[in-house]
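Atom set for the values below is all heavy atoms of this structure, side chains included, hydrogens, waters and symmetry mates excluded. Chain identifiers are assigned alphabetically (A, B, ...) following the order of the sequence lines, protein sequences preceding nucleic acid strands; residue numbering begins at 1 within each chain.
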Number of protein chains: 2
Amino acid sequence: MPRGNCRGQGWWHGKFQGCGYRLTAGREAILDILSKSEGHLSAEDIYIKVHSKYPNVGLTTIYRTLDVLSNLGMVSKLDFGDRRARYELAEGPKGERHHHHLVCTNCNKVVDYTDFIDEEVELLQETEKGLGAKYNFKITNHIIQFYGLCDKCSGKK
Amino acid sequence: MPRGNCRGQGWWHGKFQGCGYRLTAGREAILDILSKSEGHLSAEDIYIKVHSKYPNVGLTTIYRTLDVLSNLGMVSKLDFGDRRARYELAEGPKGERHHHHLVCTNCNKVVDYTDFIDEEVELLQETEKGLGAKYNFKITNHIIQFYGLCDKCSGKK
DNA sequence: CTCCTTAATGGAAATGGTTTCCATTAACAA
DNA sequence: TTGTTAATGGAAACCATTTCCATTAAGGAG
Ligand SMILES: [Mn+2]
Ligand SMILES: [Mn+2]
Ligand SMILES: [Zn+2]
Ligand SMILES: [Zn+2]
């Protein structure tokens with residue numbers, strides 16, 4: 001049962017089975033939806049989409065699968081302060097999708113940003129290395145979110 | 001009703017009343033506990049501590065007050081993935097407490113770190129400025145968390 | 001200091017996202 | 001094809017947080 005840390009290798013059919021997970025219809029459906037969707041989907045959002053195509057996939061499986069995918073590092077679980085978890089595909093084979101978030105604390109609008117990241121990434125890598133060494137942590141990922149008021153909401157005073 | 005953005009001025013007796021909030025025993029009790037405690041307390045943690053000293057403060061008030069304090073920027077609401085919010089005093093008058101977090105995804109251990117922050121802060125300020133300008137956001141704060149395995153948990157393979 | 005408006009409170013009940021349970025199904029290795 | 005056991009789905013449980021509402025008490029006006 002090689003169920004441990006299976007991050008950072010090939011891509012998903014292989015990645016999945018290579019980690020000892022079975023490749024089921026439900027799991028494929030979820031990955032499929034996730035890769036075709038933009039934005040930050042809740043478990044129920046995903047359930048609805050998946051369910052319309054594969055009516056015999058239950059909500060429980062959505063949660064379980066998202067949990068697996070998240071542990072595998074294939075999906076990021078996000079918290080924007082509305083009281084439900086949100087998910088997005090973490091990265092494709094080449095890390096295309098990695099980005100950070102800008103969240104409006106008033107209307108919950110969320111902006112993905114990928115610019116400004118270059119210097120960030122550099123610093124983050126150093127920081128990760130430094131922190132990892134100092135605190136003996138094996139760091140696998142990070143979350144960076146900026147909070148504030150979007151243009152619309154800051155107008156309202 | 002000057003109930004809007006009341007961040008970043010004096011310190012709390014004044015800050016509170018200056019924003020149109022009434023200064024109640026419950027609120028003082030909560031701030032008192034928070035300033036005397038280390039670590040990342042859940043609403044219930046706080047409730048228990050407050051309640052032992054002021055038995056007539058209800059859990060609902062804890063939640064309401066934490067929400068107010070959080071909106072005022074006096075308290076940070078944190079999410080470490082166990083399914084309850086955690087709170088800590090955001091900063092004293094001089095910003096002493098500001099720090100970021102290192103979270104073990106296995107045992108939920110959380111490390112506060114304040115070193116490595118200097119360069120971070122610099123970059124963050126630039127990033128905040130840049131993002132604010134580009135997306136017309138009025139950024140008020142940020143969250144940075146690194147996730148990984150702590151020394152103990154990475155040993156277990 | 002007293003009155004008055006209305007913010008704040010607390011306790012109980014409701015909410016709702018997520019997890020748990022368990023009997024059933026199906027991946028996939030042999 | 002068969003056997004082992006991971007995966008599933010539906011219903012029920014969970015439980016942190018919110019909502020409701022009748023009651024209390026800040027704190028400004030006078
Ligand atoms: Mn995103
Ligand atoms: Mn902390
Ligand atoms: Zn907004
Ligand atoms: Zn750990």
Output one line per pair: protein atom, nucleotide atom from nucleotides 13-15 of chain C, and distance, for all N/O pairs under 3.5 Å.
none

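- For the pair L89(A) and L31(A), the minimum side-chain heavy-atom distance is below 4.5 Å.
- The rotation axes computed at either terminus of the helix from dC1(C)-dG30(D) to dA30(C)-dT1(D) lie 50° apart, taking five pairs at each end and rounding to 10 degrees.
- Using a 4.5 Å cut-off between side-chain heavy atoms of Ile, Leu, Val, Met, Phe, Trp and Tyr, with links allowed through other members, I139(A) and Y147(B) fall into different hydrophobic clusters.
- N56(B) is listed as a side-chain neighbour of Y54(B), based on a closest heavy-atom distance under 4.5 Å.
- Between R64(B) and V68(B), the closest side-chain pair of non-hydrogen atoms is not below 4.5 Å.
- Ring-plane geometry between H51(A) and Y47(A) is classed as tilted, the angle between the planes lying from 30 to 60 degrees on a 0 to 90 degree scale.
- The CD1-P distance, from I48(A) to dG17(C), rounds to 11 Å in whole Å.
- For the atom pair CD of Q145(B) and CG of N141(A), the computed distance is 10.5 Å after rounding to the nearest 0.5 Å.
- The shortest distance between side-chain heavy atoms of R86(B) and D45(B) falls below 4.5 Å.
- Checking each of H101(B), E120(B), H99(B) against Y113(B) for a side-chain hydrogen bond (donor to acceptor under 3.5 Å, both in side chains) leaves exactly one that passes, namely E120(B).
- To the nearest angstrom, P of dA16(D) lies 15 Å from CD1 of I62(B).
- In terms of hydrophobic clustering, with Ile, Leu, Val, Met, Phe, Trp and Tyr side chains grouped at heavy-atom distances under 4.5 Å, L124(A) and L123(B) are assigned to different clusters.
- What separates OH of Y47(B) from P of dC15(D) is a distance of 18 Å, to the nearest Å.
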Q.
Does the protein touch nucleotides 17-30 of chain D at the base, only the backbone, or not at all? Give it as B, S and - per nucleotide, heavy atoms under 4.0 Å.
A. BBB------BS---
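- Separating the CG atom of L66(A) from the C1' atom of dT8(D) is a distance of 15 Å, rounded to the nearest angstrom.
- Rounded to whole Å, the distance from CG on L41(A) to P on dG17(C) is 15 Å.
- Looking only at side-chain heavy atoms (C-beta outward), L131(A) and H142(A) stay at 4.5 Å or farther from each other.
- Taking OH of Y87(A) as the start and CG of L66(A) as the end, the distance is 5.0 Å to the nearest 0.5 Å.
- Note: NE2 (H51(B)) to P (dT9(C)) measures 14 Å, nearest angstrom.
- Spacing between atom OH of Y54(A) and atom P of dT8(D) amounts to 14 Å, rounded to whole angstrom units.
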